Amino acid sequence: MAGQINGNPTKTFFIEMITRDISIKDAILDLLDNSIDGANSINPDNYEGLYIDINVDGNSFTVKDNCGGFSLETAKKYAFRFGRPDEIVLNTGSIGRFGVGMKRALFKMGMNFEVESKTEDDHFQIDVNVQEWKNKKTTIKDEEDNELEIEDWNFNFQFINEGTVNLEQSGTFIHVENLKTEVSNIFQDTEFLNELESDIERFLNFSLEKGLKITLNGKDLEKRGIVLFNEESKPYLHEGTIDGVNFKIAAGLSHVGDPKTSGWYIYCNDRLVLEEDKTTATGWHTAGIPKWHVDYVMFKGVVFLDSDDTLKLPLTTTKKGIDTTSELYKKVLFFMREAMNSVLGFLKEVRKLGNEANDYRKILGEQEDKIVVSELKTVAVAEPRKFISPEISIDVIAEKKDYVRIAYNANRELADLAKNHSGTSNFKQLGEYIFDYYLKMEELAEDE
Amino acid sequence: MNSPKYLNYEVRPFKFTERKMMLASLQRICSYFGSDYQYIGLGGLSFADFKLFHKELHIDDMISIEGGSFSQEKLEFNSPYSFIEILKERTTTALNRIDLNKKTLIWLDYDGVLDNYFFDDITTLFSKLPEGSIYIVTCNKELKVDETRKEYDKEKFKEKFGSLVPFDINNKDFSSANNHKTIRKMISNHITKILKNRSEVDIDLKFIQLFNLIYQEYRGANMYTFGGIIASKDFDISSLSLNDFDFLSDDESSYKIEIPNLTRKEVELVNSKVHKKEEDLIEMNIISESDLRKYKKSYKYIPHFYDVRV
């Protein structure tokens, strides 16, 4: 006897799988990525006038934006479908690539959610009661015309009616209620809110710099990005296209500041995916590049990878970190190493200043003009693949190298005697006097 | 880079001989690749290599890097030609200012022992230099810690050079008999690595080793010179017709520059017998076999110094 075994995953199992490996913060950032994709399709260079308001408390989670919304077509084919159909037409410069982001975030947080979207042509909303959706079944007929009951994965949408409207402008409104207990607890924790604030400020810094206004529980979030010195010192810049991905690399010097913030930053379609990296993933301690060391605290580098085809970007599914095995990334790494080699070469020289190195580093920070991340992305590359270091006074270093310190202990009584006899006023002077005396008596000194 | 303060390079006969050997082979290479090279060197105050390469190789695009404590004025004053650009900087930062997309002859005559910046410089150079470029490096052959002048051991060496250290390094690799082999291995491995990484984004080039020279100046330091050409993957070295230069080496075996200690009259005698009547010469018991051997290795290149009133 032969039969068919149902290989479909159950919805419960599926939800469990996709929500397990993502943190709440990352799930929220995923949602925000959709808003930014929207902003990007309005005007990729300037987000002035666009906003995202986020509100979280113990009972609910809400995100509202005016970033263009998504069409019913997109909702049907993509936003509410699990996995991304192969034939999907890609949004230029989008970051959402796996087609799970929004659903994953919503399922992660609560048991009831509402997604409303308004575009120029559509205005609709989707209400989901997760428990009901999980239990939803539908019947189909097999080849022998027997009725079979299977799980129904569909979501229902309604066109908007005046009573439930949340959007006046084109945008997206997402509201989650009936939060899971652990999510509700986290949302009431101020430490979590601080971390979320910091994550959004750092990871979406690029969008903030383009003028997007993001608020979290009413508080305006500030751009918190990296800057490079750009005056006497010129950052290493290089750009090009490899395998359908546009890349741009900028690396140079930045403030001493918090050592943690030194390292590489990688943006994929303007979304920060790797930050403060000091590991072999970004070339440290490979191919002759040293390990990160506090002497290199001024080093900062930024990589921009942009592609209309998000699948070509070396992203990992969680959008945190880089797929270092990607052939594309290995090629970009060549230029990253070249940049590091030049910048670290200069910082090794600074190290030789010894005690004065720190002052020198600070002076550099005060005298140099700065260039922010979004400008680095658009700035023209005048001289590719060249890091110009600030002038460093070799004379100061050379002088340091020409002098050594001689020290020894002597019997106090005898030392006092010698000091009085030589007419010097302290032991430091006495030491110098004795050295000169020796050179003179042994006829070792050159004529001055 | 500080050496000119202590020594006049021009009266160092081994250095001189090495330079003349370089020149002889570079003339052939330049006649193949064309003479439109830029020369980058560490001219110091004597600019000996600059003078030679300008006159003999007709290079007039020249840059001297000098990281020592001489004033810019002093360096400019001693420069023999106004077209020599002087960068008063360390090599690692200076090389960033130079257009390395030009065909380049570079001789980094470092006066110190092996250090990390050698490799930084290699990364900078081999990431950009085009086909036909020539890279030469000279350094003190000892593998000693710069400050203490003590020979490295395995752990200290790994601490200093990290992933650049050959996998199978052994304490005997730091000895006089082997230290230049270790230096060669590290430099050549690093070059290969950089060129391989470069091939994935740029052109596929190979490095052909030509120079693997050791010498010791009278009562002076043991020196090591390594170098070669950057060429396309399919380049055939035989097209350079370098076979008759026995001081070139494409493998681990180094060539030792040796100069016999002979008087003026003895030199004339050897000249009259060399190659055809050598047996007679030895029988005369004036010239030792060892001196004859050394003479034959170097006589085409050794300098002759005369005391002249100027």
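In the text below, chain A, chain B and the rest are named by the order of the sequence lines, each starting its count at 1. Quick caveat: nothing in here was measured; it's all calculated off a predicted structure.
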Check your understanding: Under a 4.5 Å heavy-atom cut-off, does chain B meet the side chain of Lys348(A), its backbone, both or neither?
Key ->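 Contact with chain B: side chain only.
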
**Study point:** Phe334(A) versus chain B, the contacting section by heavy-atom distance below 4.5 Å
**Key:**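 Contact with chain B involves the side chain of Phe334(A) alone.
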
**Study point:** Among the listed options Asn197(B), Thr92(B), Asn189(B), Ile98(B), the residue most often paired with chain A at heavy-atom distances under 4.5 Å
**Key:**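 Max contact count across the listed options: Asn197(B).
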
Point to revise | Worked verdict on Tyr152(B) versus Val145(B) for side chain to side chain contact (heavy atoms under 4.5 Å, CB included) | key: CA-CA 6 Å; Tyr152(B) 281 105; Val145(B) 186; 3.7 Å; yes

**Study point:** Phe335(A): which of Phe387(A), Phe247(A), Trp264(A), Tyr329(A) passes ring pair (Phe, Tyr, Trp, His ring centres under 6.0 Å)
**Key:**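 Going through Phe387(A), Phe247(A), Trp264(A), Tyr329(A) one by one, the ring pair (Phe, Tyr, Trp, His ring centres under 6.0 Å) with Phe335(A) is satisfied by Phe247(A) alone.
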
Review point. Does Tyr37(B) have Lys103(B) sitting over its ring (NZ/CZ under 6.0 Å from centre, angle to axis within 45°)?
Key: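 Yes, a cation-pi geometry holds between Lys103(B) and Tyr37(B).
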
Point to revise | Residue selection (most heavy-atom pairs with chain B, distance under 4.5 Å) from Arg337(A), Glu327(A), Arg385(A), Lys330(A) | key: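 Of the options given, most contacts go to Arg385(A).
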
Review point. Rounded to the nearest 0.5 Å, what separation is found between the CD atom of Glu375(A) and the CG atom of Leu228(A)?
Key: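 Going from the CD atom of Glu375(A) to the CG atom of Leu228(A) covers 11.0 Å.
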
